[in-house]
Trainee: 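Have a look at this one.
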Amino acid sequence: MSSTEATPSTEVQEPESNAAAVAAAKKRSPSDFLKTVLGRPVNVKLNSGTDYKGVLACLDGYMNIAMEQTEEYVDGQLKAKYGDCFIRGNNVLYISAQKRK
């Protein structure tokens, strides 16, 4: 072999970047999200379009929800205030965390 010929590389290439592995580890599941918002203010949107804003007290695997200090909004207008509110899970479109004031 002459000195001008390329020799095959014996280096082992590492998988993509370490940052990609760290980012994958930081991804959260919906279950992780729900655990973090328990006891915090949330917005629950129903399939009907009605919004409920209050403190998430508890929920189960069927997404049945119990809330405290709840306000009901229809078309963006406050319609009612409830001390406690129970929502059947099959009516829930989504749950989002409210920004802290």
Side-chain angles (χ1 to χ4, degrees):
M1 188 183 289
S2 72
S3 61
T4 57
E5 289 181 35
T7 58
S9 174
T10 57
E11 292 181 31
V12 176
Q13 292 192 358
E14 294 182 22
E16 293 184 21
S17 71
N18 200 15
V22 170
K26 288 186 179 182
K27 286 185 181 178
R28 295 182 357 192
S29 71
S31 179
D32 294 336
F33 165 74
L34 292 171
K35 288 175 189 173
T36 62
V37 296
L38 271 173
R40 293 182 49 200
V42 294
N43 180 30
V44 177
K45 181 137 187 134
L46 304 186
N47 295 325
S48 66
T50 303
D51 287 300
Y52 289 89
K53 296 180 182 183
V55 177
L56 183 63
C58 64
L59 67 133
D60 64 12
Y62 296 101
M63 210 175 294
N64 295 317
I65 298 170
M67 296 173 67
E68 300 170 340
Q69 305 167 21
T70 309
E71 298 174 336
E72 178 182 35
Y73 291 85
V74 178
D75 297 326
Q77 300 286 330
L78 178 62
K79 291 295 179 186
K81 291 186 178 187
Y82 307 106
D84 292 325
C85 173
F86 301 94
I87 302 172
R88 184 173 168 164
N90 69 331
N91 295 309
V92 176
L93 182 62
Y94 67 78
I95 301 172
S96 64
Q98 287 184 17
K99 294 185 178 175
R100 296 194 178 202
K101 295 177 182 179

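Side chains are part of it too, since the values below use all heavy atoms of this structure and drop only hydrogens, waters and symmetry mates.
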Trainee: Output yes when a side-chain donor or acceptor of N43 lies under 3.5 Å from a complementary backbone atom of K53, and no otherwise.
Mentor: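 No, N43 side chain to K53 backbone: no donor-acceptor pair under 3.5 Å.
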Trainee: To the nearest 0.5 Å, what is the distance between OG1 on T36 and CG on L56?
Mentor: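 Spacing of OG1 (T36) from CG (L56) equals 10.0 Å.
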Trainee: When clusters are formed by joining ILVMFWY residues with side-chain heavy atoms under 4.5 Å apart, either directly or through shared neighbours, do F33 and L59 land in the same one?
Mentor: yes
Trainee: To the closest 0.5 Å, what do you measure between CD (Q69) and CG (D84)?
Mentor: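 It comes to 9.5 Å.
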Trainee: Which atom names give the shortest non-hydrogen contact between G54 and M67, and what distance separates them?
Mentor: N-CE, 3.3 Å
Trainee: Please lay out, stage by stage, how V42 and Y52 fare under the test side chain to side chain contact (heavy atoms under 4.5 Å, CB included).
Mentor: CA-CA 8 Å; V42 294; Y52 289 89; over 6 Å; no
Trainee: Could you check whether any side-chain N or O of N90 sits under 3.5 Å from a backbone N or O of Y62, counting only pairs where one atom can act as donor and the other as acceptor?
Mentor: no
Trainee: According to a 4.5 Å side-chain heavy-atom criterion applied to Ile, Leu, Val, Met, Phe, Trp and Tyr, with indirect links allowed, do L38 and I95 form part of one hydrophobic cluster?
Mentor: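 The answer is yes; both residues are in one hydrophobic cluster.
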Trainee: Would V55 and L34 show up in the same hydrophobic cluster when neighbours are defined by side-chain heavy atoms closer than 4.5 Å?
Mentor: no
Trainee: If you group Ile, Leu, Val, Met, Phe, Trp and Tyr by side-chain heavy-atom gaps below 4.5 Å, do V44 and Y82 land in one group?
Mentor: yes
Trainee: If I compare all heavy atoms of C85 with all of T70, which pair ends up nearest, and what's the gap?
Mentor: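 Reported closest heavy-atom pair: CB-OG1, 3.5 Å.
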Trainee: Hey, what do you get for CG (N91) to CG (N64), rounding to the nearest 0.5 Å?
Mentor: 9.5 Å
Trainee: So, taking the atom named CD1 in I65 and the one named CG in D60, what distance separates them when rounded to the nearest 0.5 Å?
Mentor: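 So the CD1 of I65 and the CG of D60 are separated by 9.0 Å.
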Trainee: Are more than 12 heavy atoms from other residues, nucleotides or ligands located less than 6.0 Å from atom CG of D32?
Mentor: yes
